[in-house]
Protein chains: 2
Amino acid sequence: MAAIQPPKAQYQQVAALLRERIHDGTYTADQPLPSEPQLSAELGVSRQTINRAMNLLRSEGLVRVRRGFGTFIRGVPQVTRDAKKRYAARNQGTGAGDVEIKALGLTPRTEYVEIGRVPAPAAVATVLSIETGAPVLVRRRHLFANDEPTQLADSYIPWDIAEGTELLNRNVGRGGSYTRLAELGHGPVRFTEEVTVRTATDDEASLLELDGGQPVIDITHIAWDAADRPVEVALHVMPGNLWRLRYDWDDPTADEYPTVDGEV
Amino acid sequence: MAAIQPPKAQYQQVAALLRERIHDGTYTADQPLPSEPQLSAELGVSRQTINRAMNLLRSEGLVRVRRGFGTFIRGVPQVTRDAKKRYAARNQGTGAGDVEIKALGLTPRTEYVEIGRVPAPAAVATVLSIETGAPVLVRRRHLFANDEPTQLADSYIPWDIAEGTELLNRNVGRGGSYTRLAELGHGPVRFTEEVTVRTATDDEASLLELDGGQPVIDITHIAWDAADRPVEVALHVMPGNLWRLRYDWDDPTADEYPTVDGEV
DNA sequence: CAGTGGTCTAGACCACCAC
DNA sequence: TGGTGGTCTAGACCACTGC
């Protein structure tokens with residue numbers, strides 16, 4: 001084994017060593033990693049240094065700690081989320097949130113946490129162009145793959161659109177909620193998404209079973225109807241290491257290339 | 001949701017306190033934060049605990065350490081990168097990488113690190129559908145806003161397309177490189193982007209002046225010509241906290257809503 | 001109960017920076 | 001040279017887990 005020498009910090013060297021052992025199969029997913037005191041003795045560094053190395057691996061999403069029990073390898077593959085295809089897939093009779101999970105042979109599960117009328121939070125109100133506190137329908141879901149949490153998804157629809165419709169049911173019926181919106185004269189024809197990366201809040205970390213400081217992907221998805229009114233906003237929060245987002249589009253200006261100076 | 005929470009770790013409480021003081025203006029950007037020994041004395045916790053709190057703030061991108069000097073607030077606002085508009089902007093005579101920065105009133109700067117013929121790295125070769133090691137043109141840039149690094153961008157073009165063209169120059173001429181590609185019969189008509197979040201490598205952390213463990217956004221941008229050949233791939237690496245990505249698209253299936261059961 | 005990881009402290013040495 | 005943050009150690013206490 002490579003010696004632990006101080007050109008780099010020891011905890012970084014320990015982390016590198018553990019990463020290697022995880023990749024080459026020295027440690028397997030069915031067993032906990034050696035305990036911190038054990039590694040401390042084996043590598044001749046203090047337990048604090050081992051602990052710091054573990055924290056690195058945790059922030060990378062490589063391992064997961066079960067307190068009082070041990071540290072385990074996280075075996076979840078990366079899921080690809082294709083922004084266009086996932087909405088097209090509503091016609092395949094699958095909940096859009098499940099498409100990507102099934103594609104990997106994993107078992108998706110959706111837990112409905114809340115469906116009902118609430119006052120619009122400020123961020124949602126801004127997006128929907130309504131007053132803060134104005135009534136909206138919220139549909140709050142937690143999504144899992146093989147019982148591991150993969151995503152929090154809260155979707156909001158203005159109450160004047162949703163009131164008294166099937167959108168209040170757990171199962172919104174054939175074709176999904178966008179089909180219901182279409183029947184109500186608000187069929188989405190355009191979507192926008194804004195993606196940011198930030199550290200998880202305490203609540204999110206707890207719900208997604210993340211360690212503090214792990215980054216999450218925050219997606220604000222907006223559906224616009226033909227009158228250019230925002231009719232639904234969905235807020236997605238996902239573990240950063242778990243997802244790969246895919247977007248594609250045609251060049252709107254392919255015809256009009258040469259004009260002025262510039263570089264790409 | 002706000003159930004009874006266990007008392008938080010001291011370093012988290014310290015971090016929360018410092019966050020608050022940064023936001024309410026107790027600490028300002030022109031002065032270093034109080035030193036760790038000072039805070040240790042003031043708050044009655046050990047220096048280690050202060051240091052751990054500082055590491056949290058660093059991983060959030062809120063502060064930045066200048067070793068041997070002090071810890072400073074990072075004052076960089078978030079930059080929005082609109083996938084479609086940035087390419088359309090090539091016709092405004094601006095380097096596409098600069099559009100977003102100028103929009104915020106910051107001063108962009110592009111540093112060309114390498115322009116030349118290299119063997120294709122494996123990841124690039126796969127995307128371009130060529131052999132690993134086959135020659136490609138690489139254009140490697142580092143982008144800054146107000147002299148703070150904001151992005152690494154490496155773009156690759158198959159050598160059989162780029163050879164002997166203006167694409168080898170630092171300034172590729174009117175309309176940017178996509179205009180040159182169009183003149184060569186490979187004008188991009190479609191783009192795909194894949195976005196992942198991961199921890200920075202050592203090199204990236206050093207170039208982007210990040211702390212270890214800070215997340216980066218990794219974008220693989222591919223330009224396709226009318227024959228559906230990938231003619232350029234650009235790899236972008238950006239500090240995760242610094243950017244907001246925006247995508248928008250029209251619903252390709254807006255006409256064909258109702259079909260089978262499903263939820264969204 | 002014994003073993004696990006989470007956290008905290010006191011003390012120490014070091015590399016780096018400004019003066 | 002003195003102050004800064006980066007790191008490491010030994011020892012300790014705690015909450016949580018499974019047996």
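Naming convention: chains lettered A, B, ... in sequence-line order (proteins, then strands); numbering from 1 in each chain. The analysis underlying the following values was restricted to heavy atoms, covering all of them including side chains, and did not include hydrogens, waters or symmetry mates.
The backbone N or O of V45(A) sits less than 3.5 Å from a side-chain atom of S40(A), completing a donor-acceptor pair. In this structure, the side chain of R139(B) engages the main chain of N169(B) through a donor-acceptor pair within 3.5 Å. A donor-acceptor pair under 3.5 Å is formed between the side chain of T126(A) and the backbone N or O of A122(A). Judged by distance alone, with hydrogens and angles left aside, the side-chain atoms of N146(A) form a donor-acceptor pair with the main-chain N or O of T107(A) at under 3.5 Å.
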Symbol by symbol from the 5' end, with Watson-Crick or G-U pairs under 3.5 Å, [ ] crossing and | another strand, DNA chain C is ||||||||||||||||||.
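For the residue pair T150(A) and L208(A), the shortest heavy atom distance occurs at C-CD2, 4.2 Å. Nearest approach of L56(B) to A15(B), heavy atoms of both residues: CD1-CB, 3.9 Å.
DNA chain D lies under 4.0 Å from at least one heavy atom of each of the following residues of residues 36-53 of chain B: E36(B), P37(B), Q38(B), R47(B), Q48(B), N51(B).
Nucleotide dG6(D) holds its C1' atom 14 Å from the CG atom of L56(A), rounded to whole Å. Distance, N55(B) CG to dT4(D) P: 17 Å, rounded to whole Å. K8(A) places its NZ atom 12 Å from the P atom of dC8(D), with the value rounded to the nearest Å. Taking atom CZ of R64(B) as the reference point, atom C1' of dT4(D) lies 15 Å away to the nearest angstrom.
Phosphate contact (OP1/OP2 of dT7(D), side-chain N/O of Y11(A), threshold under 4.0 Å): present.
Under the 3.5 Å distance criterion, with hydrogens and angles disregarded, no donor-acceptor pair is assigned to the side chains of D203(A) and T201(A).
Ion pairing between a basic and an acidic side chain is recognised when a charged N comes within 4.0 Å of a carboxylate O; R74(A) and E209(A) show no such pairing. Using a cutoff of 4.0 Å between basic side-chain nitrogens and carboxylate oxygens, R81(B) and E193(B) are scored as salt-bridged.
Applying side chain to side chain contact (heavy atoms under 4.5 Å, CB included) to M54(B) and the options V14(B), V65(B), L18(B) leaves one that passes, L18(B).
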Short heteroatom pairs, N/O only, protein and nucleotides 16-19 of chain C, under 3.5 Å:
residue, atom, partner, partner atom, Å
dC17(C), O4', R67(B), O, 3.4

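Using a 4.5 Å heavy-atom threshold, the side chains of E60(A) and N241(A) count as separate.
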